[in-house]
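The block underneath contains the structure these notes are about, expressed in C-alpha cells.
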Amino acid sequence: MANNVQIKITAKNKTKAAFRSVTMGLKGVASAAFSMRTAIGLAAGVAGIGFLVKKSMDATDSLAKTSRAIGISVTELQRLRHAASIGGVEAKALDKAMQKLAINISDVAGGTGEAKEAFERYGISAKNITDVLGQAAIALQTMKNETDRASFVYDLFGARGAKVINMLKDGKDAMEAMKQEADDLGLVMSKQLIEGVEDANDSIARLTAYIGNVFHRVVATLAPIIEDVTQKLRNFIQIKIDR
C-alpha cells in the first residue's frame, strides 16, 4: 500500500512539473510574439511618420513653386487658399484659376487676350492678381443676371471660374475678411519658413538622385560579371543534362 501511495505522489509531482514547463514555454512564445508585434508596430509607426513628414514637405515645396509660377507671394496664396476653401474650392482648382488669371492679366496689359472685353466692360485695371480679384469681387456684386456672372468668371478664370465665384460672390470685403482669418488662425507660414522647407526638400531630391545613380553605376559595373556567371551556370547545367 505504501508503495502505491509513493507512486501516485511521484506521478503527481511530475505532472505539475510538466504543466509548469508547458506554461513557461507558452509564456515565452507569447512574450516573443508580443516583442515581434511591438517591433513591427514601432517600425510601421516610424515609416508612417516619415511618410507624413515627406508628404508635408512636398506640399509646402509645391506651395512655394506654385506661387512663383503664378506670380503671387506665397503668403498671399495661402490666404487665398483659405478663402477659397471656405467657398468649397480645392487648392488645386484655385491654383489653376489663378494661373489662368495671371495669363489673362498679362495679355490684357498688352492689349490682347480672351478677358480684354470683360476687363474693359467692368472697369478692371490689369495690375496684379490681388488687385484684379478685389475688383472682380466688386463687379460680381453689381451683376444680377446669373448668366452674366458665369460668363464673367469664365472670361477671367477659364473653366474653373464657376468654382472661384463662391470666393468672390459676397464682395471684396468678405473675401478680405476670409484672408485676414487665415492670418488670425495661424494658417499662413512665413516666406522664410517655406523657403527653408523648399531648400530641404530639394536637398532630399538631390541626395535621392545621387544614391540612385550610384546604385545604377554599381549594377552596370557588375553586369559583365553577372553575365559571365550566368553563362557558366547554364553551361554546367547543360553538361549535366547531356550526361
Side-chain angles (χ1 to χ4, degrees), residues 32-85 88-106 128-129 157-160 163-164 182-183 185-241:
F34 179 78
S35 298
M36 183 176 294
R37 184 174 62 183
T38 302
I40 293 173
L42 287 173
V46 170
I49 292 173
F51 172 77
L52 292 176
V53 169
K54 188 62 172 68
K55 186 176 180 181
S56 174
M57 292 181 69
D58 287 343
T60 303
D61 182 86
S62 176
L63 175 67
K65 288 176 170 55
T66 299
S67 70
R68 204 171 293 124
I70 295 174
I72 186 173
S73 72
V74 70
T75 51
E76 183 67 7
L77 180 57
Q78 290 175 89
R79 296 185 182 110
L80 287 174
R81 281 185 175 185
H82 174 67
S85 68
V89 184
E90 295 181 355
K92 286 186 178 181
L94 176 73
D95 294 346
K96 292 292 184 182
M98 293 303 103
Q99 287 177 346
K100 180 64 175 178
L101 178 61
I103 293 172
N104 283 333
I105 291 174
S106 177
N128 57 61
I129 289 179
F157 307 104
R160 293 169 180 80
K163 294 184 177 181
V164 176
D183 288 328
L185 293 175
L187 304 178
V188 179
M189 291 185 288
S190 68
K191 177 183 177 183
Q192 291 75 16
L193 189 62
I194 290 175
E195 287 179 346
V197 174
E198 186 180 18
D199 290 342
N201 209 42
D202 290 345
S203 295
I204 291 174
R206 293 188 185 96
L207 178 61
T208 301
Y210 174 76
I211 292 174
N213 181 263
V214 170
F215 179 77
H216 294 324
R217 286 177 178 273
V218 170
V219 172
T221 302
L222 292 175
I225 299 174
I226 295 173
E227 181 183 6
D228 183 59
V229 171
T230 302
Q231 188 60 46
K232 288 180 179 179
L233 182 60
R234 289 176 61 187
N235 293 339
F236 176 76
I237 294 173
Q238 187 61 45
I239 292 173
K240 290 292 184 180
I241 294 174

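The CD atom of Glu227 sits 13.0 Å away from atom CG of Leu222, with the distance rounded to the nearest 0.5 Å. Separation of atoms CG (Asn213) and OG1 (Thr208) is listed at 12.5 Å; rounding is to 0.5 Å. Distance check: Arg68 CZ to Ser73 OG gives 12.0 Å after rounding to the nearest 0.5 Å. Of the inter-residue distances, the one linking Thr60 atom OG1 with Leu193 atom CG reads 8.0 Å to the nearest 0.5 angstrom. In this structure, OG1 in Thr75 is found 8.0 Å from CG in Asp183, a value given to the nearest 0.5 Å. The CG atom of Asp58 sits 5.0 Å away from atom CG of Asn201, with the distance rounded to the nearest 0.5 Å.
Closest of all the heavy-atom pairs between Phe157 and Asn104 is N-ND2, 4.5 Å. What you find for Leu187 and His82 is that their closest heavy atoms are CD1-ND1, 3.4 Å. Contact detail for Leu63 and Gln78: the closest heavy-atom pair is CD2-CG, 3.5 Å.
Here the side chains of Asn128 and Ile105 are not in contact, with every heavy-atom distance at 4.5 Å or above. Side-chain atoms of Arg79 and Ile72, non-hydrogen and from C-beta on, never get closer than 4.5 Å to each other. The side-chain heavy atoms of Ile204 and Met57, taken from C-beta on, include a pair separated by under 4.5 Å.
More than 12 heavy-atom neighbours from other residues, nucleotides or ligands sit within 6.0 angstrom of NZ on Lys65. The number of heavy-atom neighbours closer than 6.0 Å to CD of Gln231, taken from other residues, nucleotides and ligands shown, is above 12.
Under a 3.5 Å cut-off, the side chain of Ser62 and the backbone N or O of Ala59 do not form any donor-acceptor pair.
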Return a table of donor-acceptor pairs under 3.5 angstrom between the side chains of residues 93-103 and protein atoms on other chains or two or more places apart.
{"unit_1": "Asp95", "atom_1": "OD1", "unit_2": "Arg81", "atom_2": "NE", "d": "3.4"}
{"unit_1": "Asp95", "atom_1": "OD2", "unit_2": "Arg81", "atom_2": "NH2", "d": "2.6"}
{"unit_1": "Lys100", "atom_1": "NZ", "unit_2": "Glu114", "atom_2": "OE1", "d": "3.2"}

